[in-house]
Amino acid sequence: MPFTAPILPPGEPAAAVTPYGTTTAATPATPATPPARRVHRTGAAMANRFRIDRSSAQEEFGLACQRLIPWPGGDKEPPVGAMACFLAPGGDSDPDCHNQDEVMIVLSGTGSVTLDGTLEPPFRAGDIVVLPRNQEHVVHNTGDEELSWVSLYWPLREPAVRTATENEEVAA
């Protein structure tokens with residue numbers, strides 16, 4: 001896929017960094033300086049790497065789930081949660097409803113989702129399915145192979161929902 005430089009306002013020859021180096025309207029591309037190599041030292045922080053793997057999943061919500069964001073704890077938490085989900089052929093997840101937005105990135109298989117009682121159009125590997133907050137959803141595996149997806153949801157912790165009595169007290 002070719003690189004497309006940003007469109008600049010008329011008369012502005014600002015430099016643009018491309019995969020081929022730095023260019024301006026007046027000069028051709030010059031080789032980009034490669035980034036400095038990172039040296040790993042004992043005790044230095046390194047990127048964590050692990051695999052999405054059904055054997056690492058635990059049963060939750062009527063399917064197998066593998067939590068993906070390792071967190072050491074402490075005061076600050078990530079703003080998003082992530083888990084890999086695995087659903088057997090012909091299986092259905094448990095009904096779920098939460099005060100969090102959710103995005104499903106479908107990795108393998110085919111399926112559909114029932115959203116607030118309405119069966120939505122089918123999806124397959126490579127699709128992204130957006131589930132709005134506070135709407136009950138059930139995921140269905142409609143194929144003959146395991147359905148897997150990565151689910152991203154935010155905020156990490158479900159916000160409290162005020163009751164009618166609490167709303168009346170706040171208004172008073």
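Since this is a predicted model, take the numbers as computed values, not measurements.
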Atom pair CG/CG of Leu147 and Leu107 - distance to nearest 0.5 Å: 9.0 Å
Closest non-hydrogen atom pair, Glu102 against Ser151: OE2-OG, 2.5 Å
Spacing of Ser148 atom OG and Phe86 atom CZ [to the nearest 0.5 Å]: 6.0 Å
Set of side-chain contact (heavy atoms from CB on, under 4.5 Å) partners for Pro132, sequence neighbours left out: Leu115, Gln135
Atom pair CE/CG of Met104 and Leu131 - distance to nearest 0.5 Å: 6.0 Å
Ser56 side chain to Gln66 backbone, donor-acceptor under 3.5 Å: no
Leu87 and Val139, any side-chain heavy atoms less than 4.5 Å apart: yes
Neighbour count >12 (heavy atoms, 6.0 Å) for atom CD, Glu59: yes
Asp144 atom CG, neighbour heavy-atom count above 12 within 6.0 Å: no
Minimum heavy-atom distance Glu146-Ser108, with the two atoms named: O-OG, 3.5 Å
Salt bridge present between Arg124 and Glu145 (N-O < 4.0 angstrom): no
Option passing side-chain contact (heavy atoms from CB on, under 4.5 Å) with Leu152 (candidates Leu68, Ile105, Ile69): Ile105
Point-to-point distance, once rounded to the nearest 0.5 Å, from CE of Met83 to CH2 of Trp149: 8.0 Å
Expected output: side-chain Asp127 to main-chain Val106 donor-acceptor under 3.5 Å: no
Inter-residue atom distance Asp94.CG - Leu63.CG, 0.5 Å rounding: 7.5 Å
Close side-chain approach of Trp154 and Val103, heavy atoms under 4.5 Å: yes
ring-ring contact (aromatic ring centres under 6.0 Å, His included): pairs with one or both residues in residues 102-141, sequence neighbours excluded: His98-His137
